[in-house]
Amino acid sequence: DAGVIQSPRHEVTEMGQEVTLRCKPISGHDYLFWYRQTMMRGLELLIYFNNNVPIDDSGMPEDRFSAKMPNASFSTLKIQPSEPRDSAVYFCASSLRGRETQYFGPGTRLLVL
Amino acid sequence: KQEVTQIPAALSVPEGENLVLNCSFTDSAIYNLQWFRQDPGKGLTSLLLIQSSQREQTSGRLNASLDKSSGRSTLYIAASQPGDSATYLCAVISAAGNKLTFGGGTRVLVKP
């Protein structure tokens, strides 16, 4: 298996623009997680899905952030409108079961100017 | 609310020395504890997972111990090598949920 795939790997955009991050989990994994990593706050869970259904979105910072999982092999995290403080590395991870080992993608490095 | 702390934030050792990385958590009601490695600009790689009922877990030169009652875990890396240079993060899953709570990580440099 190719592992968790994320795209794009790098994104530079201007404040106010819409940003869409994409993730393909490992085939057969029922859980998908979105994280954000910054120097100040470390790794934070934003939202996670079980069988394509959002279970806990309490980590989503505000309404500008939304996430979807239309099918078992694809998820998106959208920021609209983007702000400079959204600059971070966004990771997607998947696991076979919710409490077991999570496999992380390479991350998307986002810079909002 | 669960809080996970890793001290020190950075560590530098000469090659061949054993590494000892510490992790503490405030709520002992955990399901499991996981250790990850992160290389610069890369994602996280799972190293070891210890279930709450276990005291330790081993993989090659890596050994992780868990003392749930005192809220501590230690990752030992024997005979360190320059390739072990990376950031090591620990994370816990609470007994009641599926969410990983991460520590801030320890950045390790192994000097040749």
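Quick note on labels: first sequence line is chain A, next is B, and so on, each numbered from 1.
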- Message: According to a hydrophobic-cluster definition based on side-chain heavy atoms being under 4.5 Å apart (Ile, Leu, Val, Met, Phe, Trp, Tyr only), do A:Met60 and A:Ile55 belong together?
- Response: no
- Query: Would B:Leu100 and B:Val92 show up in the same hydrophobic cluster when neighbours are defined by side-chain heavy atoms closer than 4.5 Å?
  - Reply: no
- Task: Please check if A:Phe65 and A:Met15 belong to a single hydrophobic cluster, counting links between Ile, Leu, Val, Met, Phe, Trp and Tyr side chain heavy atoms closer than 4.5 Å.
- Result: yes
- Note on the structure: Residue from B:Gly97, B:Gly105, B:Gly41, B:Gly104 scoring the most non-hydrogen pairs under 4.5 Å with chain A is B:Gly97
- Is it the case that more than 12 heavy atoms not belonging to A:Glu62 sit under 6.0 Å from its CD atom? yes
Present all donor-acceptor pairs from chain A to chain B with distances below 3.5 Å, rounded to 0.1 Å.
unit_1: A:Gln37; atom_1: OE1; unit_2: B:Gln38; atom_2: NE2; d: 3.0
unit_1: A:Gln37; atom_1: NE2; unit_2: B:Gln38; atom_2: OE1; d: 3.1
unit_1: A:Tyr48; atom_1: OH; unit_2: B:Asn98; atom_2: ND2; d: 3.4
unit_1: A:Asp56; atom_1: OD2; unit_2: B:Lys99; atom_2: NZ; d: 3.2
unit_1: A:Ser58; atom_1: OG; unit_2: B:Lys99; atom_2: NZ; d: 3.3
unit_1: A:Arg99; atom_1: O; unit_2: B:Asn32; atom_2: ND2; d: 2.6
unit_1: A:Arg99; atom_1: NE; unit_2: B:Gly97; atom_2: O; d: 3.0
unit_1: A:Arg99; atom_1: NH2; unit_2: B:Ala95; atom_2: O; d: 2.5

- Query: Any chance CG of A:Asn71 has more than 12 other-residue heavy atoms, nucleotides or ligands included, within less than 6.0 Å?
  - Reply: yes
- In terms of hydrophobic clustering (I, L, V, M, F, W, Y; side-chain heavy atoms under 4.5 Å; direct or indirect links), are B:Leu48 and B:Leu89 co-clustered? no
- Indicate, with yes or no, if A:Leu45 and A:Leu21 share a hydrophobic cluster defined by side-chain heavy-atom contacts under 4.5 Å among Ile, Leu, Val, Met, Phe, Trp and Tyr. no
- Find the distance between CG (A:Leu43) and CG (B:Leu44) and round it off to the nearest 0.5 Å. 5.5 Å
